[in-house]
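Proteins come first, then strands; the chains are lettered A, B, ... in the order of their sequence lines, and each starts at number 1. Computed from a prediction, not measured in an experiment: that's the story for all the values here. Computation of the quantities below employed the complete heavy-atom set of this structure, encompassing side-chain atoms and omitting hydrogens, waters and symmetry-equivalent molecules.
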Number of protein chains: 2
Amino acid sequence: MKNRIRELRLTREWSQSTLADALQVSRQTVNAIENGRYDPSLPLAFAIAALFSLTIEEIFQPCAQGQDRPCRTKNA
Amino acid sequence: MKNRIRELRLTREWSQSTLADALQVSRQTVNAIENGRYDPSLPLAFAIAALFSLTIEEIFQPCAQGQDRPCRTKNA
DNA sequence: ACCGAATGTAAAGCCTCCTTGACATACCCA
DNA sequence: TGGGTATGTCAAGGAGGCTTTACATTCGGT
């Protein structure tokens, strides 16, 4: 699962800590999601979308097979 | 996290097993999600949305506090 | 009465999500 | 040089997502 969180965060000039506080999760969680170590839970994905005033689909993109996107797991 | 999966499934006259096969998850997983025992992972939420040709937001609704929606956990 | 399909639920186990605490690096600035 | 901020990562642990196997109930059809 690819996401645009880092891009959206940097546009607002927020640190990972600032974003983590706004989302009420730990800084490590933000870092892990930005770096693709795991996907957020669905409730957290909703919180992220709400914070950036975007839809989940505008922030996250599932990885189709055979594309050039780097993904941890098949279609994730 | 509330969802309209049962409604969408019944409209198509699919059994939980049929839906589970289409999503490549177990029947118990479909049942648990329909009955609000837990939320799907984000990749599974994308698969559900794709199957019904809807957005995640059209299928899932996070629970705001103080509303009449029954939810397992706070804001989930 | 019996059968099969559909649904609900439970237990055990594995992997993922998220936490706290800690440590390392790099950078900027005084 | 030393301090503060930002980032990346690790370990250990708890909660949640998903699996298989299994059993119970309900319903429609014959």
Side-chain angles (χ1 to χ4, degrees), chain A residues 1-52 56-57 59-65 69-76, chain B residues 1-52 54-57 59-65 69-76:
Chain A
M1 185 78 64
K2 214 172 153 47
N3 73 70
R4 303 201 297 132
I5 296 177
R6 170 160 292 154
E7 166 197 347
L8 295 165
R9 174 176 65 81
L10 292 177
T11 297
R12 286 157 180 78
E13 294 185 326
W14 291 346
S15 69
Q16 291 181 348
S17 279
T18 302
L19 176 55
D21 288 348
L23 295 171
Q24 303 188 79
V25 294
S26 68
R27 176 183 69 84
Q28 287 84 342
T29 292
V30 168
N31 186 38
I33 294 172
E34 281 194 357
N35 287 303
R37 281 210 298 270
Y38 50 74
D39 299 321
S41 66
L42 188 54
L44 181 51
F46 266 96
I48 293 168
L51 183 62
F52 290 123
I56 290 179
E57 286 81 0
I59 302 178
F60 299 93
Q61 299 157 342
C63 297
Q65 290 164 307
R69 296 205 199 100
C71 283
R72 272 166 42 257
T73 52
K74 167 173 145 331
N75 274 353
Chain B
M1 186 76 67
K2 214 171 154 42
N3 73 72
R4 303 201 298 130
I5 295 177
R6 170 160 292 152
E7 166 197 347
L8 295 166
R9 175 176 64 81
L10 291 177
T11 296
R12 285 157 181 78
E13 296 185 323
W14 290 345
S15 68
Q16 291 182 348
S17 278
T18 302
L19 176 55
D21 288 349
L23 295 171
Q24 303 188 81
V25 295
S26 69
R27 176 182 69 85
Q28 286 82 345
T29 293
V30 169
N31 186 42
I33 294 172
E34 281 194 358
N35 286 303
R37 280 211 298 269
Y38 51 74
D39 300 320
S41 65
L42 188 54
L44 181 51
F46 266 96
I48 293 168
L51 184 61
F52 290 121
L54 294 170
T55 64
I56 289 179
E57 288 81 1
I59 302 178
F60 298 94
Q61 300 158 340
C63 297
Q65 291 161 307
R69 295 204 201 101
C71 283
R72 270 165 46 255
T73 52
K74 169 172 140 340
N75 272 353

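The distance from atom CG of A:D21 to atom P of C:dT20 is 11 Å, rounded to the nearest whole Å. Put simply, CD1 on A:I33 is 13 Å from P on D:dG8, counting in whole angstrom units. Going from atom OH of A:Y38 over to atom P of D:dC10 covers 13 Å, rounded to whole Å. Atoms CD (A:Q24) and P (C:dT20) sit 12 Å apart, rounded to a whole Å. In this structure, CD1 of A:I48 is placed 12 Å from P of C:dC17, rounded to the nearest angstrom.
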Exercise. What does nucleotides 6-13 of chain C look like as a protein-contact string, B for base, S for sugar-phosphate only, - for none, at under 4.0 angstrom between heavy atoms?
Worked result: -BBBB---

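Within 4.0 Å (heavy atoms only), A:S41 reaches sugar-phosphate atoms of the nucleic acid but no base atom. Looking at heavy-atom distances under 4.0 Å, B:S26 makes contact with a base.
The main-chain N or O of B:N31 is found under 3.5 Å from a side-chain atom of B:N35 such that the two form a donor-acceptor pair. Panel note: side chain A:R9, backbone A:W14; a donor-acceptor pair is recorded below 3.5 Å.
Here the CG atom belonging to A:L23 is positioned 11.5 Å from the CD atom belonging to A:Q16, to the nearest 0.5 angstrom. The CD atom of A:E57 sits 5.0 Å away from atom CZ of B:F46, with the distance rounded to the nearest 0.5 Å. The structure places CE of B:M1 at 5.0 Å from CG of B:D39, a figure rounded to the nearest 0.5 Å.
With a 4.5 Å cut-off on side-chain heavy atoms, A:T29 and A:L44 count as touching.
Residue A:T29 places no side-chain N or O under 4.0 Å from the OP1 or OP2 atom of C:dC17.
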